[in-house]
*Asks:* 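Below: one structure in structure tokens.
As the structure is a computational prediction, the values presented were derived from the model and not from experiment.
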Amino acid sequence: MQAKEILEEIEMKKKKCLDIVRVEIDPMEITIHREQYKGLRMAEDIIRKHMNDGWIPVEERLPEDDRYIFLSFENFLLPMIGRYEQDSDGSGNFYIGDETESCIDQDMYVTAWRPLLEPYRPERSGEE
């Protein structure tokens, strides 16, 4: 099975989880399906990371709202840390760091994004 087919299957499972959460009454069932959704999203991110060195095109998927990420630009060579902020009307904008002026307002066009790397943690020995 190709990675693209796997991602399509994960997307269907995520949609099913969200559909169940929308109609479910039992809080435990809602929690279970939300956790399944999160797990599927993590699996999706792992697969994408290995497909394109972790970069996700914005046409394919947008990042979670107001979470810091790496941004790659059409017209700027170096990636930068920024965030995506969804507006109340469903549209959204990318911002560099904590700036309030969007990337588009600065003539910087985001083509892809990727999650930030985990911080370095030295291996711990069995002695603590």
*Asks:* Taking all heavy atoms of Ile69 and all of Pro63, pick out the closest pair and write down the distance.
*Replies:* CD1-CG, 3.4 Å
*Asks:* Which pair of non-hydrogen atoms, one from Ser91 and one from Tyr84, has the smallest distance, and what is that distance?
*Replies:* C-OH, 4.0 Å
*Asks:* Do Trp55 and Ile81 land in one hydrophobic cluster if side-chain heavy atoms of ILVMFWY residues count as linked below 4.5 Å?
*Replies:* yes
*Asks:* Say you draw a straight line from OG of Ser72 to CE of Met108; how long is it, rounded to the nearest 0.5 Å?
*Replies:*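 Atom-to-atom, Ser72:OG and Met108:CE are 10.0 Å apart.
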*Asks:* What I'd like to find out is whether the side chain of Leu7 reaches to under 4.5 Å of the side chain of Glu44, using heavy atoms alone.
*Replies:*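 Yes, side chains in contact.
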*Asks:* Taking only Lys NZ, Arg NE, NH1 and NH2, and the carboxylate oxygens of Asp or Glu, determine whether Glu85 and Arg83 approach each other closer than 4.0 Å.
*Replies:*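 Judged by the 4.0 Å cut-off on N to carboxylate O distance, Glu85 and Arg83 do form a salt bridge.
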*Asks:* Is it true that a side-chain atom of Asn75 and a backbone atom of Asp107 form a donor plus acceptor pair closer than 3.5 Å?
*Replies:*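 Yes, because the side chain of Asn75 sits within donor-acceptor range (under 3.5 Å) of the backbone of Asp107.
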*Asks:* Does Asp26 reach the main-chain N or O of Met28 with its side chain, forming a donor-acceptor pair under 3.5 Å?
*Replies:* yes
*Asks:* Ignoring hydrogens, what is the shortest heavy-atom contact between Ile30 and Ile25? Give both atom names and the distance.
*Replies:*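 Ile30 and Ile25 have their closest heavy atoms at CD1-O, 4.2 Å.
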*Asks:* Under 4.5 Å between side-chain heavy atoms, counting indirect links through other Ile/Leu/Val/Met/Phe/Trp/Tyr residues: same cluster for Ile6 and Leu40 or not?
*Replies:*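 Result: yes, single cluster for both.
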*Asks:* Establish whether Tyr95 and Trp113 are linked, either directly or via other cluster members, by ILVMFWY side-chain heavy-atom contacts under 4.5 Å.
*Replies:* no
*Asks:* Evaluate the side-chain contact (heavy atoms from CB on, under 4.5 Å) criterion for residues Arg41 and Lys38: first the C-alpha distance (whole Å), next the side-chain angles of each, then the deciding distance (0.1 Å), finally the verdict.
*Replies:* CA-CA 5 Å; Arg41 186 120 186 207; Lys38 287 179 189 175; 5.6 Å; no
*Asks:* Side chains of Phe73 and Cys103: closer than 4.5 Å at any heavy-atom pair?
*Replies:* yes
*Asks:* Are Tyr37 and Ile32 in one and the same hydrophobic cluster, where Ile, Leu, Val, Met, Phe, Trp and Tyr link if side-chain heavy atoms are under 4.5 Å apart?
*Replies:*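 No; Ile32 is not reachable from Tyr37 via cluster members.
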*Asks:* Does some side-chain heavy atom of Phe76 sit less than 4.5 Å from a side-chain heavy atom of Thr111?
*Replies:*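 In short, these two side chains do not touch, never coming nearer than 4.5 Å.
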*Asks:* Identify whether the distance between the nearest side-chain nitrogen and carboxylate oxygen of Arg22 and Asp19 falls below 4.0 Å.
*Replies:* yes
*Asks:* Do Val21 and Arg34 make a side-chain contact, defined as non-hydrogen atoms from C-beta onward lying under 4.5 Å apart?
*Replies:* yes
*Asks:* Is any side-chain heavy atom of His33 closer than 4.5 Å to a side-chain heavy atom of Lys16?
*Replies:*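 Heavy-atom side-chain distance check fails, nothing below 4.5 Å.
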*Asks:* Yes or no on side-chain contact (heavy atoms from CB on, under 4.5 Å) for Glu29 and Ile20, after CA distance, side-chain angles and deciding distance?
*Replies:* CA-CA 9 Å; Glu29 285 292 319; Ile20 291 170; 5.5 Å; no
*Asks:* Is there a side-chain contact between Glu99 and Gln106 (heavy atoms, below 4.5 Å)?
*Replies:*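 Glu99 reaches Gln106 side chain to side chain.
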*Asks:* Any heavy-atom pair between the side chains of Leu71 and Pro79 that's under 4.5 Å?
*Replies:*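 In short, these two side chains do not touch, never coming nearer than 4.5 Å.
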*Asks:* So do Lys14 and Ile10 actually touch side chain to side chain, heavy atoms under 4.5 Å?
*Replies:*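 Yes, at least one pair of side-chain atoms sits under 4.5 Å.
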*Asks:* Answer yes or no: are there more than 12 heavy-atom neighbours, outside Leu62 itself, under 6.0 Å from its atom CG?
*Replies:* yes
*Asks:* Between Met80 and Phe70, is there shared hydrophobic-cluster membership here, with clusters defined by ILVMFWY side-chain heavy atoms closer than 4.5 Å?
*Replies:* no
